[in-house]
Number of protein chains: 2
Amino acid sequence: MTLDREQVLRSAAALLTHKSTATMDEVAKAAGIGRATLHRHFAGRDALVKALEDLGIQEFEAALDAARLDEGTSEEGLRRLIAAVEPSAGLLSFLVTENQLFEGDQVNEGWNRADARVSAFFRRGQERGEFRIDLTPAWLTEALYGLIGTGAWAVQVGRVATQDFQYMIVELLLGGARRSVEQ
Amino acid sequence: MTLDREQVLRSAAALLTHKSTATMDEVAKAAGIGRATLHRHFAGRDALVKALEDLGIQEFEAALDAARLDEGTSEEGLRRLIAAVEPSAGLLSFLVTENQLFEGDQVNEGWNRADARVSAFFRRGQERGEFRIDLTPAWLTEALYGLIGTGAWAVQVGRVATQDFQYMIVELLLGGARRSVEQ
DNA sequence: TCTCGATGAGACAATCGCGTCTCACTTGGG
DNA sequence: CCCAAGTGAGACGCGATTGTCTCATCGAGA
């Protein structure tokens with residue numbers, strides 16, 4: 001039987017995101033495999049985390065490419081980005097949580113690259129007059145990550161329907177909760 | 001010498017937020033006390049986490065009281081809530097992200113109470129026509145927690161200025177990133 | 001100054017999680 | 001049908017952590 005490596009990583013990310021102290025045994029059980037098998041594919045906990053980081057960054061950068069952030073309006077770009085990132089939301093929120101533990105120079109290069117792209121996207125939107133300038137690009141970037149993580153969690157525990165994931169995040173991020181006059 | 005129990009808990013929360021695998025020895029050193037003394041006040045790691053949980057919920061409920069969510073417009077109530085919760089933001093984000101509010105499948109009762117109050121607040125705002133009805137109260141509640149956590153972290157690493165904490169969260173949550181015409 | 005309660009440091013055994021190993025079982029290909 | 005590869009379950013030692021203990025010290029109050 002061929003082990004579905006990606007499936008293992010995804011379930012591990014989902015678990016470790018909200019329980020970073022989970023044991024290797026819990027990770028294995030969550031993936032529906034034995035602890036021995038988990039060790040056969042990932043030398044140890046460090047290797048597992050490294051694999052999670054690599055896959056998460058790879059998928060996030062792929063999502064950034066697929067979103068074609070330069071084409072059309074910023075709003076369209078953001079909608080495409082969130083749509084493209086949805087399948088990787090669990091991995092991405094793990095990455096964000098994980099990177100919060102590191103200090104400055106220890107942060108993965110790939111993450112820095114992706115982070116810069118997102119930040120630049122928000123700055124471009126501001127320069128075009130499509131995004132508010134009183135909210136800094138850094139904050140908008142962090143808020144995007146936070147909402148993606150929150151959204152993934154909310155879907156996972158059933159507080160938000162799967163098909164509403166994109167809508168809830170995009171609408172809140174773009175328009176906020178306030179009911180505007182024209183609505 | 002009287003031990004400052006709350007001071008110990010705050011330093012523990014600050015440490016565990018960054019390094020959830022920190023040992024009891026590290027927690028004790030971070031609080032400036034000996035490991036034996038830490039054990040004298042908190043029977044074990046579980047008891048320590050439980051105390052953190054109780055403190056966090058207590059402070060959150062106090063913030064909910066102080067915010068007087070029923071007075072004035074929903075927007076004013078939300079602004080007061082975020083202002084009141086700022087001092088506890090670190091502790092709250094630790095509890096939310098590390099999922100310490102759950103014991104197995106049982107959610108802490110106090111948390112359920114607080115959660116229900118926040119959710120009811122958003123629902124009330126919708127009924128008053130002040131909040132959008134296409135974003136569910138459950139999602140707005142989760143998004144609020146997520147943004148508080150993200151904001152606390154962004155401030156801590158210097159990505160957002162301390163005095164901007166409230167503004168960034170409230171403005172994004174209420175108005176979103178989109179630049180509206182009247183601006 | 002004396003006393004008592006609290007603390008810090010360290011010793012100690014017990015427990016836990018990790019990494020490795022063996023062994024029996026299953027599965028898919030030749 | 002047979003075999004090789006992969007897997008699950010479990011045992012094992014090791015190191016780290018925990019929880020408890022003792023003992024010397026400190027400090028506030030009598």
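In what follows, every chain begins at residue 1, and chains take the letters A, B, ... in the order their sequences are listed. Since the structure is predicted, the reported quantities are computational estimates derived from the model, not experimental observations.
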Sequence-distant partners of B/Arg45, side-chain contact (heavy atoms from CB on, under 4.5 Å), two or more places apart: B/Leu16, B/Met24

Side-chain atoms of B/Arg35 come closest, of D/dT18, D/dG8, C/dG8, to D/dT18

Output yes when B/Lys50 and B/Asp54 qualify as a salt bridge under the 4.0 Å nitrogen-oxygen rule, no when they do not. yes

Taking the basic N atoms (NZ, or NE/NH1/NH2) and the acidic carboxylate oxygens, is any pair closer than 4.0 Å for A/Asp65 and A/Arg117? yes

Check whether any side-chain nitrogen or oxygen of A/His39 sits under 4.0 Å from OP1 or OP2 of C/dC21, and answer yes or no. no

When you measure from every atom of DNA chain C, which of residues 43-56 of chain A have a heavy atom less than 4.0 Å away? A/Ala43, A/Gly44, A/Arg45

Would you indicate which nucleotide in C/dG8, C/dT7, C/dT20 comes nearest to any side-chain atom of B/Ala36? C/dG8

Using distance alone, with no hydrogens and no angle criterion, decide if B/Ser20 and A/Ser20 have a side-chain donor and acceptor under 3.5 Å apart. yes

Going by distance alone, is a donor N or O of one side chain under 3.5 Å from an acceptor N or O of the other, for A/Gln156 and A/His18? no

Any side-chain to backbone donor/acceptor pair from B/Glu75 onto B/Glu130? Under 3.5 Å, distance only. no

Salt bridge flag under 4.0 Å for residues A/Glu127 and A/Arg123: no

Heavy-atom contacts under 4.0 Å between residues 14-30 of chain A and DNA chain C, which residues? A/Thr23, A/Met24

Nucleotide nearest B/Arg40 when distance is taken to its side chain, options C/dA9, C/dT22, D/dG19: C/dA9

Check this for me: does any side-chain nitrogen of one of A/Arg159 and B/Glu142 sit under 4.0 Å from a carboxylate oxygen of the other? yes

Does A/His41 have a side-chain nitrogen or oxygen under 4.0 Å from the phosphate oxygens OP1 or OP2 of D/dT7? yes

